[in-house]
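Here is the structure we will look at, set down as structure tokens.
Every value quoted in this text rests on a predicted model; they were computed, and no experiment measured them. Only heavy atoms go into these numbers, but all of them, side chains included; no hydrogens, no water, no symmetry mates.
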Number of protein chains: 2
Amino acid sequence: MFDGDSLESVILMLDGFACRYKHLDDGRRQITGYLVPGDLCDPYVFMLRKIDYSVATLCPALIAKVPRSKLVKILDEYPRIARALWWSALVDEGILREWVVSIGRRTALERTAHLICELYHRLQAVGLARNNRCEFPITQQDLADSLGLSAVHVNRTLQELRSKKLIVQRNHSLVMLDPEKLRDLALFKQSYLHMAEDGNNSRHEFMTSRAKHAPPLSRMIDQKGG
Amino acid sequence: MFDGDSLESVILMLDGFACRYKHLDDGRRQITGYLVPGDLCDPYVFMLRKIDYSVATLCPALIAKVPRSKLVKILDEYPRIARALWWSALVDEGILREWVVSIGRRTALERTAHLICELYHRLQAVGLARNNRCEFPITQQDLADSLGLSAVHVNRTLQELRSKKLIVQRNHSLVMLDPEKLRDLALFKQSYLHMAEDGNNSRHEFMTSRAKHAPPLSRMIDQKGG
DNA sequence: CGGATCGTTGAAGAGTATCAATTTGAGTGG
DNA sequence: CCACTCAAATTGATACTCTTCAACGATCCG
């Protein structure tokens, strides 16, 4: 799905990771957000005819493609889903604001820690993380393009997080060894994610609602694209 | 209006400039967006009980305070306004994505030029800029906190834009001497603002609609706060 | 006129980028 | 199971953008 495309259907992440990103003309890339299971790639289909960013998967992913017309009908029938969608867009905006704060004012170390915290908490909210461990299929180059750093510097920053005994990475998963210290270092305040106290949010509801009422899924296994 | 406040009414900018910002615990500040006439400070009142940022005016400003209940009624009666609100939130998100790209991947010079272009085009869209001139009541410290730079560096960056004959500043207004070169330098693509070809957008409609149906305005002159 | 805020300048240093090479690790096919 | 390949991670050296600090000048306003 690319910058400038028209929107004829909405894509829901069922499994795997993806990201939104933009390219500058000379090739510089900036990732503007991650999509985890339960997220919609493009909740803008109702207002904007074109999207102004691209989406790429970071690993093989499972998605549901919901035709625009079908989604409109679903939203009419199940207003809770409409509300969840609206909520979700606002949460996305809050996350985006925090990214601006991170890239603008946090140091490389704080910024990297903050992104790890964000992803862990979002995955936890949809039941995909526990015991301080979660999938982490994001390359150092992707992190660099998310954090406004170079890949080399991300590498050294991750080394520092490891040497401080805050995280370990194995295969494509990550463990927070001392979540509290990590959040302190990151200046991380969970509240901006607007989740309930128990760590759940309405996306979870959206996912489970979806399971009962969803249109047929199209299955797509996709290699990482750029 | 501060981080954590409950939302009992929505504030509409009628005149003047304001910004959204967040503080880190140690005092570092990051501005996450500007509010110009026609913008709502907090279009989140419908879903989120708390806001996760603060708002400050940058100059004496005129605002309309719309009680939550009244706005709900207005939106029921005039669905076009509801649509404009929804649209507006999506445009805000697009702007935020572009800020992430700017701070993450544009150089200081490009980034500064890009913010100038954004503000000019947004002001033009609500009829507050023409002939490449607009109000610009933003201090270098504010620019620094918007662009993720130090005030000193913003100063030198503005000097460079002036020495390249791209802008001039007088009093509190700014003139783009060579808008095309400025946009090229900034890698600025107008499309992300999702405005119509003529430079107008639905916020303008929102403003004029409001004039006919608005609740009584409360007038508030406010000194810059932090 | 005095005080505050904002803008400007210079010098020195920190943080991060860049470049280039090397190592590691995960497939893949023989 | 091993050799091969390719992408990702790591390392070192060097350069540069931007920050910090401190001082000074300009402007505004009561």
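In this view, B/E110 and A/R28 satisfy the salt bridge (Lys or Arg N to Asp or Glu O under 4.0 Å) rule, not counting sequence neighbours. Every residue two or more places apart in sequence or in another chain that forms a ring-ring contact (aromatic ring centres under 6.0 Å, His included) with B/F188 is listed here: B/H114, B/H121, B/Y192. Residues passing the side chain to side chain contact (heavy atoms under 4.5 Å, CB included) test with B/D25, sequence neighbours excluded: A/L187, A/K189. Legend: residues meeting salt bridge (Lys or Arg N to Asp or Glu O under 4.0 Å) with A/E93, ordered by chain and number and at least two apart, are A/R97. For B/R106, the salt bridge (Lys or Arg N to Asp or Glu O under 4.0 Å) test picks out B/E98, with sequence neighbours left out.
Checked against D/dA9, C/dT16, C/dC6, the side chain of B/T139 finds its nearest nucleotide in C/dC6.
When only modelled atom types and interatomic distance are considered, B/Y21 and B/S146 share no side-chain donor-acceptor pair under 3.5 Å.
For the pair B/L109 CG and D/dT17 P, the interatomic distance rounds to 12 Å; values are reported in whole Å. The distance from atom CG of B/L149 to atom P of C/dT16 is 14 Å, rounded to the nearest whole Å. The CG-C1' distance, from B/N171 to D/dT27, rounds to 11 Å in whole Å. Look at CG on B/D145: it is 12 Å from P on C/dC6, rounded to the nearest Å. With rounding to whole Å, A/D26 atom CG is found 16 Å from C/dA17 atom P. The interatomic distance linking B/F136 (CZ) with C/dC6 (P) rounds to 15 Å, in whole Å. Summarising the geometry, the separation between CD on A/Q140 and P on C/dT23 is reported as 18 Å, rounded to the nearest angstrom. What separates CZ of B/R111 from P of D/dT17 is a distance of 13 Å, to the nearest Å.
Residues in residues 135-177 of chain A take part in no ring pair (Phe, Tyr, Trp, His ring centres under 6.0 Å) pair, two or more places apart or across chains. Within the structure, salt bridge (Lys or Arg N to Asp or Glu O under 4.0 Å) contacts touching residues 144-158 of chain A (residues at least two apart or in different chains) are A/R29-A/D145, A/D145-B/R105. Every pair tested for salt bridge (Lys or Arg N to Asp or Glu O under 4.0 Å) that includes a residue from residues 129-139 of chain A fails, sequence neighbours excluded, so the list is empty. Within the structure, salt bridge (Lys or Arg N to Asp or Glu O under 4.0 Å) pairs that include any residue of residues 160-174 of chain B comprise B/E160-B/K164 (at least two apart or interchain).
Within a heavy-atom distance below 4.0 Å of DNA chain C, no residue of residues 98-107 of chain A is found. Interface residues of residues 151-170 of chain A facing DNA chain C, ordered by number: A/V152, A/H153, A/R156; criterion, heavy-atom separation under 4.0 Å.
If you take SG on B/C41 and CG on B/L35, they are separated by 5.0 Å, rounding to the nearest 0.5 Å.
Over its full length, the helix from C/dC1-D/dG30 to C/dG30-D/dC1 turns its helical axis through 50°, comparing axes from the five pairs at each end and rounding to 10°.
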